[in-house]
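One structure is given here, and the rest of the page talks about it.
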Amino acid sequence: MPGGSGNVDKRLTTATTYKEAFTMADHAQTLFICYPRCSTCAKARAWLDGHGVDYVERDIKTDNPTYEELKRWWQLSGLPVKRFFNTSGMSYRRLEADQRPDALGDDEALHLLATDGMLVKRPILVDDGQVLVGFRMSDWEGHLNAQPHKN
């Protein structure tokens, strides 16, 4: 579902999934992956809107990231795969000890994340080959200042 500061390509309003929207949009478009009921995601969305960043919004629950996407984002982020887990969520809490990131190899962990969007830490910002996981305002400000996103 499109979001952002109102300058989103009008074709995106008819896209039914992120994958369709991404195909239709300029590949330089910022991707904001979130869960609409998450208060941290709401803060991040407000921050993006307040800074005039155009983005495509993707609901992590209804359009779960694929293994391939997660692997690429993990590689771009430079973070340990463990940071991609939403450790405070109910889906994570239901995992047995042998299913948690410390007990899995990176590839196994990414495959597990691809099974349930609610296991994935959010929000995720994918932009210009950089991936930010979670909302740390200082990280997002540093990224915005380094990139030409403002209208």
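Here the structure is a predicted model, which means the values were calculated and not measured.
Annotation for Leu125 and His143: closest pair CD2-CD2, 4.4 Å, computed over non-hydrogen atoms. Between Ile60 and Pro65, the shortest heavy-atom distance links the atoms CG1-CD, 3.7 Å. Closest approach of Ala109 and Leu104 over heavy atoms only: CA-CD1, 3.9 Å.
A donor-acceptor pair under 3.5 Å links the side-chain atoms of Glu69 to the main chain of Thr66, judged by distance alone. The backbone N or O of Trp47 lies less than 3.5 Å from a partner atom in the side chain of His51, making a donor-acceptor pair. Arg58 places a side-chain N or O within 3.5 Å of a backbone atom of Asn64 that can act as its donor or acceptor partner.
The line from CD of Gln75 to CG of Leu70 is 11.0 Å long, rounded to the nearest 0.5 Å. Distance check: Cys41 SG to Glu57 CD gives 8.5 Å after rounding to the nearest 0.5 Å. Summarising the geometry, atom OG belonging to Ser88 is positioned 6.5 Å from atom CZ belonging to Arg93; distances are rounded to the nearest 0.5 Å.
Looking at Thr30 and Val56, their side chains never come closer than 4.5 Å, going by heavy atoms from C-beta outward. Between Pro101 and Tyr92 the shortest side-chain heavy-atom distance falls below 4.5 Å. Between Asp106 and Trp74 the shortest side-chain heavy-atom distance falls below 4.5 Å. A 4.5 Å side-chain heavy-atom check between Ile33 and Val126 finds at least one atom pair inside the cut-off. Taking 4.5 Å as the limit, some side-chain heavy atom of Asp59 sits within range of a side-chain heavy atom of Pro36. You'll find the side chain of Leu79 reaches within 4.5 Å of the side chain of Val133, heavy atoms only.
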Listed pairs under 3.5 Å, donor-acceptor, residues 110-124 side chains, sequence neighbours left out:
| unit_1 | atom_1 | unit_2 | atom_2 | d |
| --- | --- | --- | --- | --- |
| Thr115 | OG1 | Leu112 | O | 2.6 |
| Asp116 | OD1 | Met118 | N | 2.9 |
| Asp116 | OD2 | Ser91 | OG | 2.9 |

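Cluster annotation: Leu95 and Met90 are assigned to distinct hydrophobic clusters (Ile/Leu/Val/Met/Phe/Trp/Tyr, side-chain heavy-atom contacts under 4.5 Å, transitive).
Partners of Arg37 according to the side chain to side chain contact (heavy atoms under 4.5 Å, CB included) rule, which considers only residues two or more places apart in sequence or in another chain, are Tyr35. Every residue meeting the side-chain hydrogen bond (donor to acceptor under 3.5 Å, both in side chains) condition with Asp107, not counting sequence neighbours, appears here in chain and number order: Tyr67. Applying the ring pair (Phe, Tyr, Trp, His ring centres under 6.0 Å) rule to Phe32 yields the partners Tyr55; only residues at least two apart in sequence or on another chain are considered. Checked against side-chain hydrogen bond (donor to acceptor under 3.5 Å, both in side chains), Ser138 has no partners two or more places apart in sequence or in another chain.
Within a 6.0 Å sphere centred on CZ of Arg100, other residues, nucleotides and ligands contribute more than 12 heavy atoms.
For residues 73-92, the salt bridge (charged side-chain N to carboxylate O under 4.0 Å, His left out) pairs, not counting sequence neighbours, are Lys82-Asp102.
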Run the numbers on Lys71 and Glu68 for side chain to side chain contact (heavy atoms under 4.5 Å, CB included), then give the verdict.
-> CA-CA 5 Å; Lys71 184 173 183 176; Glu68 291 79 15; 5.8 Å; no
Apply side chain to side chain contact (heavy atoms under 4.5 Å, CB included) to the pair Leu31 and Trp73, showing each step before the final yes or no.
-> CA-CA 11 Å; Leu31 174 60; Trp73 299 340; 3.8 Å; yes
